[in-house]
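Convention: sequence-line order gives letters A, B, ...; per-chain numbering from 1.
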There are 2 protein chains.
Amino acid sequence: MSKRGRPRDFDYSSIVDVAMKTFWINGYEGCSTQNLCSDTGLGKGSLYNTFGSKHELYKQVLERYHENGIRDQKEILENPISVKERLSNFFAWALEEDFKHTDHKGCLLINAGLERANHDPMVEEIVSKHVELLLQALERVMEEGLRTGEIKKRQSAVDLASLFLSSYYGLRVLITSIQNRTLAEQVINGTMESIFGA
Amino acid sequence: MSKRGRPRDFDYSSIVDVAMKTFWINGYEGCSTQNLCSDTGLGKGSLYNTFGSKHELYKQVLERYHENGIRDQKEILENPISVKERLSNFFAWALEEDFKHTDHKGCLLINAGLERANHDPMVEEIVSKHVELLLQALERVMEEGLRTGEIKKRQSAVDLASLFLSSYYGLRVLITSIQNRTLAEQVINGTMESIFGA
DNA sequence: TAATTTTTGTACTGATTGTTACAATAATAA
DNA sequence: TTATTATTGTAACAATCAGTACAAAAATTA
């Protein structure tokens with residue numbers, strides 16, 4: 001009694017994935033519903049019947065990106081290896097994310113935040129939540145590093161986490177805007193040295 | 001013989017300033033030529049007669065923003081006071097830039113870079129140039145700090161400059177996406193401590 | 001004044017925007 | 001089979017997009 005009528009012949013989840021890439025490449029204002037239809041293969045009927053609006057589809061995309069992202073980031077940061085290795089892995093993961101794709105670049109949440117967080121409360125909310133969770137995870141890592149003595153600095157965990165966070169986002173912005181691997185490696189080097197150096 | 005015909009009754013420079021704000025608030029794709037006309041007070045005839053296209057006006061805006069920006073930044077970084085004060089002033093300047101406006105936020109060049117650098121060579125070029133010049137200015141400051149002993153770390157000037165650069169861009173992204181002054185101050189604190197701390 | 005040159009506003013272009021209407025289609029439940 | 005329900009593709013919607021055509025207006029030069 002629950003599922004009468006013609007079943008849809010596409011996979012909801014796959015559509016969100018494809019739409020993610022389309023929004024990623026073009027931004028929200030920069031891509032049309034026509035683009036979304038041709039990229040996903042859906043007709044307008046199906047797209048609007050399923051998602052209701054371009055904005056709602058965008059929301060689904062951002063929520064998924066956030067959930068996948070914070071999962072991956074936590075996995076890296078909570079791995080029971082040395083703190084230095086964890087942070088190093090975190091940077092390596094970001095670097096790979098940014099250089100493995102040739103058509104879309106950077107962190108989708110940053111792109112969305114800069115394009116729309118000011119006028120779009122939905123975007124603001126998701127980005128805020130993500131940053132908050134990431135910052136908390138980083139603080140826990142820094143606390144552990146300070147406790148075990150792996151980090152010898154006399155800085156607070158909060159300050160260290162904030163430094164790392166901003167450096168990380170700055171790195172992704174720089175990579176996205178100007179494709180420069182050397183600079184990226186210098187940023188990573190400079191940040192790691194600042195935390196673990198003499 | 002040089003200026004015959006009806007003179008324009010608006011100031012080119014002022015128009016670029018107004019257009020800058022319009023692009024800043026809405027992004028490139030997010031604002032229409034209609035928006036630009038109503039904000040500047042120009043008719044379409046005047047706007048297209050003067051600038052030729054939306055894209056050309058955007059270029060004028062970005063070039064002016066870049067020139068003004070790098071001028072201000074260099075002025076702060078080359079001020080003959082202590083290196084620590086200079087970098088502190090630099091952060092204070094960024095903080096003020098981001099919090100003094102309520103309608104438009106962040107660094108226009110970052111916004112432009114993330115929205116368009118990938119498909120628009122003009123944008124990529126201006127952003128690259130700006131980052132390069134800023135990085136050079138930062139390197140000179142770090143070299144001076146290392147030479148005078150004000151910076152006691154054993155990091156290279158390049159690494160220190162890269163760290164500061166990414167942290168600075170990360171800061172501006174964070175402020176733009178999530179309005180959080182406390183986090184901003186933690187970022188600044190964390191970065192300054194990393195460079196000048198024990 | 002008259003000829004010349006540029007600016008200005010208005011109307012308009014074809015294309016595209018996000019969204020809706022709806023009939024044909026295809027499945028299930030009875 | 002028949003009734004029901006959801007999905008699908010197509011056509012269309014008013015609104016807006018970037019850009020153009022052009023004549024009226026306003027200045028200069030002669």
Side-chain angles (χ1 to χ4, degrees), chain A residues 1-62 112 115-116 119-123, chain B residues 1-62 112 115-116 119-123:
Chain A
M1 73 224 283
S2 60
K3 40 175 179 173
R4 188 150 55 172
R6 178 177 177 177
R8 59 173 58 128
D9 67 345
F10 61 85
D11 178 36
Y12 181 99
S13 191
S14 318
I15 297 298
V16 175
D17 280 337
V18 176
M20 184 183 294
K21 197 168 176 180
T22 304
F23 281 123
W24 209 336
I25 296 173
N26 304 104
Y28 181 77
E29 302 268 12
C31 90
S32 65
T33 51
Q34 202 57 255
N35 293 144
L36 292 164
C37 285
S38 27
D39 286 4
T40 58
L42 260 58
K44 295 211 156 180
S46 302
L47 193 137
Y48 274 86
N49 182 45
T50 309
F51 297 101
S53 70
K54 179 186 175 185
H55 190 261
E56 179 60 30
L57 174 55
Y58 191 53
K59 184 182 175 188
Q60 297 301 316
V61 163
L62 291 187
E115 182 187 354
R116 297 188 57 78
H119 356 68
D120 192 331
M122 178 275 285
V123 174
Chain B
M1 74 225 282
S2 61
K3 40 175 178 172
R4 188 149 56 172
R6 178 177 177 176
R8 58 171 60 129
D9 67 346
F10 60 86
D11 179 35
Y12 182 97
S13 190
S14 318
I15 296 298
V16 175
D17 280 337
V18 176
M20 185 184 293
K21 198 169 177 181
T22 304
F23 281 124
W24 209 336
I25 295 172
N26 304 105
Y28 180 77
E29 303 266 12
C31 89
S32 65
T33 51
Q34 203 58 254
N35 293 142
L36 292 164
C37 285
S38 27
D39 286 5
T40 58
L42 261 59
K44 294 211 157 180
S46 302
L47 194 136
Y48 274 87
N49 182 44
T50 309
F51 297 101
S53 70
K54 179 186 176 185
H55 190 262
E56 179 60 29
L57 173 54
Y58 190 54
K59 183 182 176 188
Q60 297 302 315
V61 163
L62 292 187
E115 182 187 354
R116 298 189 56 77
H119 354 69
D120 191 332
M122 180 273 287
V123 174

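- With sequence neighbours excluded, no residue forms a salt bridge (charged side-chain N to carboxylate O under 4.0 Å, His left out) with B/D39.
- Nucleotide D/dG19 holds its P atom 11 Å from the CD atom of B/E56, rounded to whole Å.
- A cation-pi geometry, defined here as NZ or CZ lying under 6.0 Å from the six-membered ring centre and within 45° of its normal, holds between B/K54 and B/Y28.
- For NZ of B/K44, the number of neighbouring non-hydrogen atoms (other residues, nucleotides, ligands) closer than 6.0 Å is greater than 12.
- A salt bridge (charged side-chain N to carboxylate O under 4.0 Å, His left out) check over residues 11-21 of chain B, counting only residues at least two apart or in different chains, returns the pairs B/D17-B/R64, B/K21-B/D103.
- Heavy atoms of A/C31 sit under 4.0 angstrom from primed sugar atoms or phosphate atoms, though from no base atom.
- For the pair A/Y48 OH and C/dT17 P, the interatomic distance rounds to 11 Å; values are reported in whole Å.
- Side-chain atoms of B/H119 never come within 3.5 Å of backbone atoms of A/N26 as a donor-acceptor pair (strictly under, hydrogens ignored).
- Residue B/S32 places no side-chain N or O under 4.0 Å from the OP1 or OP2 atom of D/dT16.
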Practice prompt. Would you give a per-nucleotide map of nucleotides 1-12 of chain C, 5' to 3', where B means the base has a protein non-hydrogen atom under 4.0 Å away, S means only the sugar-phosphate does, and - means neither?
Written response: ---SBBBBBB--

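- No side-chain heavy atom of B/Y58 sits less than 4.5 Å from a side-chain heavy atom of B/F51.
- A straight line from CD of A/E29 to P of C/dG18 spans 9 Å, rounded to a whole angstrom.
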